[in-house]
There are 2 protein chains.
Amino acid sequence: MPRSPNAPSPKAGPVTLAMVARRAGVSPQTVSNALNSPELLRSETLERVQRTIDEMGYRPHRAAQTLRTRSSKLIGYGIRPAPGNSAPVMDRFLHALSQAADEAGYRILLFASPPGNASLDGHEELIDLHSVDGFVLSGTDRGDPRQAWLTKRGIPFVGFGRMWSGRQIGDWADVDGASGTDAAVEHLVALGHRRIAFLGWPRGSGVGDDRAEGWQRAMRRHGLPVRGRRAQSVDDTASARAAVAPLLDTGATAVIAASDMLALGCYQALRERKAAPGKDVAVIGFDDSPTAALLSPGLSTVAQPLEAAGRECVRLLLARMSEPGAPPERVLLEPSLVVRDSTPAPGS
Amino acid sequence: MPRSPNAPSPKAGPVTLAMVARRAGVSPQTVSNALNSPELLRSETLERVQRTIDEMGYRPHRAAQTLRTRSSKLIGYGIRPAPGNSAPVMDRFLHALSQAADEAGYRILLFASPPGNASLDGHEELIDLHSVDGFVLSGTDRGDPRQAWLTKRGIPFVGFGRMWSGRQIGDWADVDGASGTDAAVEHLVALGHRRIAFLGWPRGSGVGDDRAEGWQRAMRRHGLPVRGRRAQSVDDTASARAAVAPLLDTGATAVIAASDMLALGCYQALRERKAAPGKDVAVIGFDDSPTAALLSPGLSTVAQPLEAAGRECVRLLLARMSEPGAPPERVLLEPSLVVRDSTPAPGS
DNA sequence: CGAGTTGATTGGAGCGTTCAAATGCCATTG
DNA sequence: CAATGGCATTTGAACGCTCCAATCAACTCG
């Protein structure tokens, strides 16, 4: 037996497969098989090799594996500065993605898309140089060229977010915004609200229209009128404030907003007219940004299941890698309503 | 001459160094030298080889290089969910970091620290498996074990952010918060303000104390009193609102807040007492989060130079790698005041 | 004019791993 | 009893690159 039972050799450099083999009294290939195709070994040998592996603290060298197998166990992720105040969402998603990848033995390799320019060079480089196995794309704009390009090259990828126009290609995972606003309506109706307004973004943004849709269908389902109960504004408290005004004028007792920022605009509009948000009028936001919890009253809001989204993206990507020809899979994730203090019963 | 002058061969697999060598009529080693030590080649040969390289669209294979040189040109970055509402800051920093790394021929490899547990296993794995060349650490808490651990192992690293307690080890780049609040005071004084209050976080947070310090020293420099002009609160609009109240009672005409969130609390406190932020009382925030621009009135705030921070981190890290024994270098970056609509002259 | 010096280029080996094919062993089998 | 086949393991080569030492030509100098 060598010096210590489990501590790795204190001074020698990295432990290689060959060293393990020598010590275990087998050929290098057998050690490799113990790791990659254990079923090939006699159980007795397998156990011996495995014991030697942990004794020596052996870890296969990624670069050597990559060189030989042409697969790097790396996933490329193009990062761009998150527009507006969606940074918290992206931040959490990225963390979840990284974690999910880790668990599957993969890692996330970042590369910066120069802002604006969704250039493909970066991807090309990642493929050629680092032999990344696949990509996760986020912020897939309309007419995003990346999907088509990657498809043509046969590089696996998965989108976080649908493409809202054009032909759908490839796999994606997304959050069902409509379902979120639908649930928001349900919650308000259960509390007794009937005049429920929606403050959204200007039409044409896929995400925004989706969220509006959920409100609308839930209202219809309950036989509640939607006409005159909908307004739109960009993500900016001043214009949000102006946009909700008419809704409040017509006696809405609750407002569902397409973002927490818009909800904040509602807060301000209400205070302006000496009404108390979360008391006189219910307000629900979207995204569960950190701000939502810090506002007062605490903003009820629709939370995106970002951890699940990260996991799904990894799952879909791995599936695509192992079966390149399979039909595309798309996953819609259910968001959940986080109830805080901004949603009282009407007239309470 | 082959089929097309510059397009890469349409069907063949990846172009290798050996292919380039054959085509250029030189040895593989010479091609390698053309890339890594061009000064060794006769200018005529160099040109010929280089021409062949772009003609064939050759790109060296990272894994092979890594295997041979034991350097991966990868920088590890431990990502953890950003606490509070610092996500926008971290998001932009990460983007800047990635971009700066790209420009230096490096890439960022992510790994998820399990939340809370600043475990070192992740780092160890990155070193062993992927042979990362160094680390960028962010959110360096007090008594963070990572610094010491990496130092002991001789792994290069750089911190984004000082360590606020304990012995300073290693290189770091940070934003000079004190200088930011100092500049905020200067701006307000120039406008004619004299009763300038500071709303900070509870003492003991390094970052918060730093920002308070700048306000205090600038006030002193102008012979303005600080006593009774300082309050503290956690990042939460309700408690911020309560905390500023006494400051406003004693007639402050301007408030500098340690974060945009606290500044938002000021907005609310002012509205509550029928005063208009950005009109009756000036407010300055910190961080230039996306929210700041979207508030109304637009919040003047201290912006962190995150692009510069990313660049500096990469620069320091590269310096450390090339000269492991050099004395530690520390960089303080100047933030800049972004003036929007929340800072009028007093009594205007 | 041969020995030494410099500058440009090449050959061979090896980084750590896995692939494809070969080997040895043992139990079946006609 | 030689031939067949299945199992467990080994052998040799290769992935693409760079290190190190060696080679070769051209030039300098006593």
Side-chain angles (χ1 to χ4, degrees), chain A residues 8-9 12-50 52-53 56-74 105 125 127-131 133, chain B residues 8-9 12-50 52-53 56-74 105 125 127-131 133:
Chain A
S9 161
V15 184
T16 74
L17 189 146
M19 298 179 184
V20 177
R22 210 169 309 129
R23 175 108 97 90
V26 294
S27 77
Q29 181 62 30
T30 300
V31 180
S32 173
N33 285 339
L35 259 32
N36 302 318
S37 325
E39 74 280 4
L40 289 180
L41 300 203
R42 211 178 20 167
S43 62
E44 186 196 303
T45 325
L46 178 58
E47 207 195 333
R48 177 160 41 101
V49 172
Q50 270 173 343
T52 316
I53 287 178
M56 304 183 72
Y58 167 71
R59 299 258 182 73
H61 193 294
R62 257 267 92 73
Q65 293 181 311
T66 303
L67 180 58
R68 188 70 250 230
T69 64
R70 334 236 87 219
S71 148
S72 60
K73 300 278 187 177
L74 249 32
E125 240 182 81
I127 298 166
D128 290 357
L129 269 64
H130 292 275
S131 13
D133 294 335
Chain B
S9 161
V15 184
T16 74
L17 188 145
M19 298 180 185
V20 177
R22 210 170 308 130
R23 175 108 96 89
V26 294
S27 77
Q29 182 59 41
T30 301
V31 180
S32 173
N33 286 338
L35 259 32
N36 302 318
S37 326
E39 74 280 4
L40 290 180
L41 300 203
R42 211 174 22 163
S43 63
E44 187 195 302
T45 324
L46 178 58
E47 207 195 333
R48 177 158 43 98
V49 172
Q50 269 174 344
T52 315
I53 286 178
M56 302 182 75
Y58 167 71
R59 297 258 183 72
H61 193 294
R62 256 264 90 74
Q65 301 188 123
T66 302
L67 182 57
R68 188 70 249 234
T69 64
R70 331 239 89 215
S71 148
S72 61
K73 299 278 187 180
L74 248 32
E125 239 181 82
I127 297 165
D128 289 357
L129 270 64
H130 293 275
S131 16
D133 293 336

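Just the heavy atoms: all of them, side chains too, but no hydrogens, waters or symmetry mates, feed the values below. All chains are named by letter (A, B, ...) in the order of the sequence lines, taking the proteins before the strands, and each is independently numbered beginning at 1.
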Whole Å only: how far is the CG atom of A/Leu67 from the C1' atom of C/dC19? 13 Å
Interatomic distance where OH belongs to A/Tyr58 and P belongs to C/dG16 [whole Å]: 10 Å
Counting only side-chain nitrogens and oxygens, does B/Arg42 get under 4.0 Å of the OP1 or OP2 atom of C/dT9? yes
May I ask you to say what A/Thr45 touches in the nucleic acid, namely base, sugar-phosphate or nothing, with a heavy-atom cut-off under 4.0 Å? sugar-phosphate
Has the side chain of A/Arg70 got a donor or acceptor atom that lies under 3.5 Å from a matching backbone atom of A/Ser131? no
Gap separating the CE atom of B/Met56 from the CZ atom of B/Arg23, nearest 0.5 angstrom: 5.0 Å
Residues of residues 24-37 of chain A with any non-hydrogen atom less than 4.0 angstrom from an atom of DNA chain C: list those, numerically ordered, please. A/Gln29, A/Ser32, A/Asn36
Which atom pair, heavy atoms only, marks the closest approach of B/Ser72 to B/Thr66? CA-OG1, 3.6 Å
Here the distance between atom P of C/dT10 and atom CG of B/Leu40, to the nearest Å, is 13 Å
Find the distance B/Arg22:CZ to C/dT9:P and express it as a whole number of Å. 19 Å
With rounding to the nearest 0.5 Å, note down the distance linking OG1 in B/Thr30 to CZ in B/Arg42. 10.5 Å
Segment of DNA chain D, first to last nucleotide, that comes within the 4.0 Å heavy-atom reach of chain A: D/dA8 to D/dG16
Whole-Å distance between C/dT18 P and A/Lys73 NZ? 11 Å
Roughly how far, to the nearest 0.5 Å, is the CZ atom of A/Arg48 from the CD1 atom of A/Ile53? 12.0 Å
Could you pick out which residue, A/Leu41 or B/Gln65, lies toward the 5' side of DNA chain D when each is mapped onto its nearest nucleotide? A/Leu41
Pairwise distance CG(A/Leu35) to CG(A/Leu46) - rounded to 0.5 angstrom: 9.5 Å
Of B/Glu39 and B/Ala64, whose nearest nucleotide on DNA chain C comes first from the 5' end? B/Glu39
Applying salt bridge (charged side-chain N to carboxylate O under 4.0 Å, His left out), can you list everything that pairs with A/Arg59, at least two apart in sequence or on another chain? B/Asp128
Measure the spacing between CG of A/Leu67 and CZ of B/Arg62 and express it to the nearest 0.5 Å. 12.5 Å
Atom pair CG (A/Leu41) and CD (A/Gln50), whose distance is rounded to the nearest 0.5 Å: 8.5 Å
